[in-house]
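Predicted model only: the values in this text are computed from it and were never measured.
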Amino acid sequence: MASTLTKPAPPPAASAAVRRRTRVLALPEARWALAALMLFLLGLPAALLGAPAWVWGTLFAAAYVTGGWEPAWEGLKALRNRTLDVDLLMVVAALGAAAIGQVLDGALLIVIFATSGALEAVATARTADSVRGLLDLAPATATRLLPDGTEESVATGSLVIGDVVVIRPGERVGADGRVLAGASEVDQATITGEPLPVLKETGDEVFAGTLNGTGALKVEVARDASDSVIARIVRMVEEASETKAPTQLFIEKIERRYSLGMVAATPAVFLIPLAFGSDPTSSLLRAMTFMIVASPCAVVLATMPPLLSALANAGRHGVLVKSAVVMERLGQVDAVALDKTGTLTEGTPRVTTVRTLAGREGGERGRDEDEHECRPVGDTDGPGGDLRGPDEDRVLALAAAAEHPSEHPLARAVVLAAHARGHRLAPAEEFGSTPGVGVTAVVDGDTVEVGAPARLLSGSEDALSVRAATVSAALEAEGHTAVLVKVNGVPAGVLGIADRLRPDATATVAALTRLTGTAPTLLTGDNPRAAARLAAEVGITDVRAGLLPQDKVAVVREQEGAGRRVLVIGDGVNDAPALAAAHTGIAMGRAGSDLALETADAVIVRDELATVPTVVALSRRARTLVVQNLVVAGVFITGLVLWDLVGTLPLPLGVLGHEGSTVLVGLNGLRLLREAAWRRAAVAATG
């Protein structure tokens, strides 16, 4: 009944894809930053060891030029547009430090700023690399079928609507289209996120970049290469990244205006008293004191230490937050959208249920004996004892033996379940596979068939077949994939296979609901029944199933249009556009696609979903400390400025007050480095 399965060759795009990564030193920002750093490192020991000033002075001057010319140029261009850019302020500050003899300090400031700019450029380039690399999923060539029945190999970019292409076993689909002939199971996880291959038959839609299984397909091209789903994913990620408003830290939103005001006020503090007959020396001293005490050092430090401390603490616990800006944004989220496969679930199908229908010889038994449901594989203890009867063991062992030669994900799940129960699998003989139906093999003299119940039971109306269909339908209604096992032509059992929920998924959903005040939304490309079953388990009521990547983006924009700040958590290529479009995106690191990892604002390195609400709570704690620090800095600055303007503030006391407030807010922010801060955030997240 089945054709012999030949192992498909590994698809070229999957096995030999070359990830195009921009070399760090190919970026001019990185080259200038490296040059500035090397010059600084050469000048530092010379200055500290008392070398002639011309030696270290020349090296530091070169560091100023190599690291500072580009931000200075950008700052001057911004100034031409009547904008006081932070880049220009940094360069002016470094030159000012050099003018009063602090050449080393100014050079260090230049190097730090240049390095920061280089890291930002590298991050941007790597994101672009991942977007471009996504196009490698689609094969470079396709086999086009000509009207006379001959075949020719053509570039996929040259395919036009109406062309017919042949997709052989193990190949990637070269274009979006519809199946004209053939049947095969296609792995389209890159597009929909579904954990299992989907049967494609005549009339079904297939997508470029998806992986064909063991059957052959004839596909009529329905979209140009530039309009394929995979190409649209690329465009959506690029557009979302470009249109996402540039975000600044809270303090940076007022920093420019404050700096302008301080720059304008300092000459006034000197000139106004002078106009009223004040002594030039005392007026100059008052202006210098004003410039020192009004300096926003404490205000700047009010923001950075808490956020950077929270960022470092999160990193120690397996959450890579990519910047202080992201850490600040995490605390602002008030809505969450979760992917299903690989995020709420482990992303690997497992046997969760085994139900037997017939005894070893294929005969029927009494209703109380012939149907059993077992707990997840490996769970053998607990109330009620071990539910795995001998017939159930035999059904699983025979199914695993028959499936062992197959590379299908369901087959791997069955074999894994049998191994977990300690079964030694008998060799399978006369193995064959039929796409969309299942496999057949001879095991210990018995003919074993394993596959789709609808196909294996087609035309059978005996009582056992009817019961097998009923059990299969019940399992599928619960969100499982039902797999029928027949022995010598008689239905023997049904296996229920499903993607297993992460152990911390339910607690994470509850914690996120508590933090945001709204239950998360489930966004998945999987079928509605599987999505609904899993959502019910974790407490999610808003379920959006059967979504393509653009549909996920539409949901995110719908929520953000309603004034929500959405946090998206996902792991696959199909999640990348939503991760880019969201207020904040978090990717699961262990199995996450390159594009998702590069597009997301943060990465859960250890795949511990429970760390998400904790890092959100930690971000909110950091924001609280920022407010505390701003109050402290504001009180100090206001008091010292008023003292200087109304009375006579001694310069040493002004310096002491300024530096003291700076140290105070810095130390307050560093509190979030402690392990206790993470524990308190975890408690706050779980309530």
Asks: What distance separates Met588 CE from Glu608 CD, expressed to the nearest 0.5 Å?
Replies: 9.0 Å
Asks: Taking all atoms of both residues into account, what is the closest heavy-atom pair of Ala684 and Leu515, and its distance?
Replies: O-CD2, 4.5 Å
Asks: Could you pull out the closest heavy-atom pair between Phe207 and Asp176, with the gap in Å?
Replies: CA-OD1, 3.3 Å
Asks: Is the backbone N or O of Arg671 less than 3.5 Å from a side-chain atom of Asn668, with the two atoms forming a donor-acceptor pair by type?
Replies: no
Asks: Without swapping roles, check the side chain of Arg514 against the backbone of Thr686 for a donor-acceptor pair under 3.5 Å.
Replies: yes
Asks: Is there a donor in the side chain of Asp601 and an acceptor in the side chain of Thr584, or the other way round, less than 3.5 Å apart?
Replies: no
Asks: If you take all heavy atoms of Thr345 and Thr341, which pair is closest and at what distance?
Replies: OG1-CA, 3.3 Å
Asks: Supply the atom-to-atom distance Asn212 CG to Leu217 CG, rounded to the nearest 0.5 angstrom.
Replies: 4.5 Å
Asks: Looking at side-chain heavy atoms only, is the closest gap between Pro306 and Asn629 below 4.5 Å?
Replies: yes
Asks: Run the numbers on Val627 and Leu630 for side-chain contact (heavy atoms from CB on, under 4.5 Å), then give the verdict.
Replies: CA-CA 5 Å; Val627 173; Leu630 288 174; 5.5 Å; no
Asks: So how far is it from Gln332 CD to Ser619 OG, rounded to the nearest 0.5 Å?
Replies: 7.5 Å
Asks: Please evaluate residues Thr524 and Leu344 with respect to the criterion side-chain contact (heavy atoms from CB on, under 4.5 Å), reporting the C-alpha separation (whole Å), side-chain torsions for both, the decisive distance (0.1 Å), and the verdict.
Replies: CA-CA 11 Å; Thr524 178; Leu344 281 178; over 6 Å; no
Asks: Mind listing the closest non-hydrogen atom pair of Ala545 and Ala531 along with its distance?
Replies: CB-CB, 3.9 Å
Asks: Side-chain contact test, heavy atoms from C-beta onward, threshold under 4.5 Å: evaluate it for Arg621 versus Arg680 and give yes or no.
Replies: no
Asks: Counting distance only, does the side-chain N/O of Arg502 pair as donor-acceptor with the main-chain N or O of Thr343 below 3.5 Å?
Replies: yes
Asks: Within this structure, what is the CG-NZ distance for the pair Leu523 and Lys340, rounded to the nearest 0.5 Å?
Replies: 12.5 Å
Asks: Donor-acceptor pair, Asp571 side chain versus Ala587 backbone, under 3.5 Å?
Replies: no
Asks: Using modelled atom types only, decide if a donor and an acceptor are shared between the side chain of Glu560 and the backbone of His583 within a distance under 3.5 Å.
Replies: yes
Asks: Could you go step by step and tell me if Leu330 and Ile586 meet the side-chain contact (heavy atoms from CB on, under 4.5 Å) rule?
Replies: CA-CA 10 Å; Leu330 278 168; Ile586 297 181; 3.9 Å; yes
Asks: Does Leu338 reach the side chain of Val509, with side-chain heavy atoms less than 4.5 Å apart?
Replies: yes
Asks: Would you indicate whether the side-chain heavy atoms of Ile497 and Val351 approach each other to under 4.5 Å?
Replies: yes
Asks: Under 3.5 Å, side chain of Asp187 to main-chain N/O of Pro197, donor-acceptor pair present?
Replies: no
Asks: What is the distance from atom CE of Met327 to atom CZ of Arg623, rounded to the nearest 0.5 Å?
Replies: 12.0 Å
Asks: Judged by atom type as modelled, is there a donor-acceptor pair below 3.5 Å linking the side chain of Asn313 to the main-chain atoms of Leu672?
Replies: yes
Asks: Rounded at 0.5 Å granularity, tell me how far CD1 in Ile161 sits from CD in Glu220.
Replies: 9.5 Å
Asks: Can you find a heavy atom in the side chain of Lys552 that is under 4.5 Å from one in the side chain of Asp339?
Replies: yes
Asks: Indicate whether the side chain of His480 and that of Thr352 have a donor and an acceptor atom separated by less than 3.5 Å.
Replies: yes
Asks: Arg620 vs Thr624, test: side-chain contact (heavy atoms from CB on, under 4.5 Å). Steps then yes/no.
Replies: CA-CA 6 Å; Arg620 293 185 177 182; Thr624 300; 5.6 Å; no
Asks: Do Val568 and Asp575 make a side-chain contact, defined as non-hydrogen atoms from C-beta onward lying under 4.5 Å apart?
Replies: no
Asks: Hey, are the side chains of Thr521 and Ile540 touching, using non-hydrogen atoms and a 4.5 Å cut-off?
Replies: no
Asks: Decide yes or no for Leu512 and Ile569: does some side-chain heavy atom of the first lie under 4.5 Å from some side-chain heavy atom of the second?
Replies: yes
Asks: Give me the atom names and distance for the closest heavy-atom approach of Leu522 to Ala535.
Replies: CD2-CB, 4.0 Å
Asks: Indicate the atoms forming the closest heavy-atom contact of Glu675 with Arg316, along with that distance.
Replies: N-NH2, 4.1 Å
Asks: Is it true that Asp334 and Arg564 have a side-chain N and a carboxylate O under 4.0 angstrom from each other?
Replies: yes
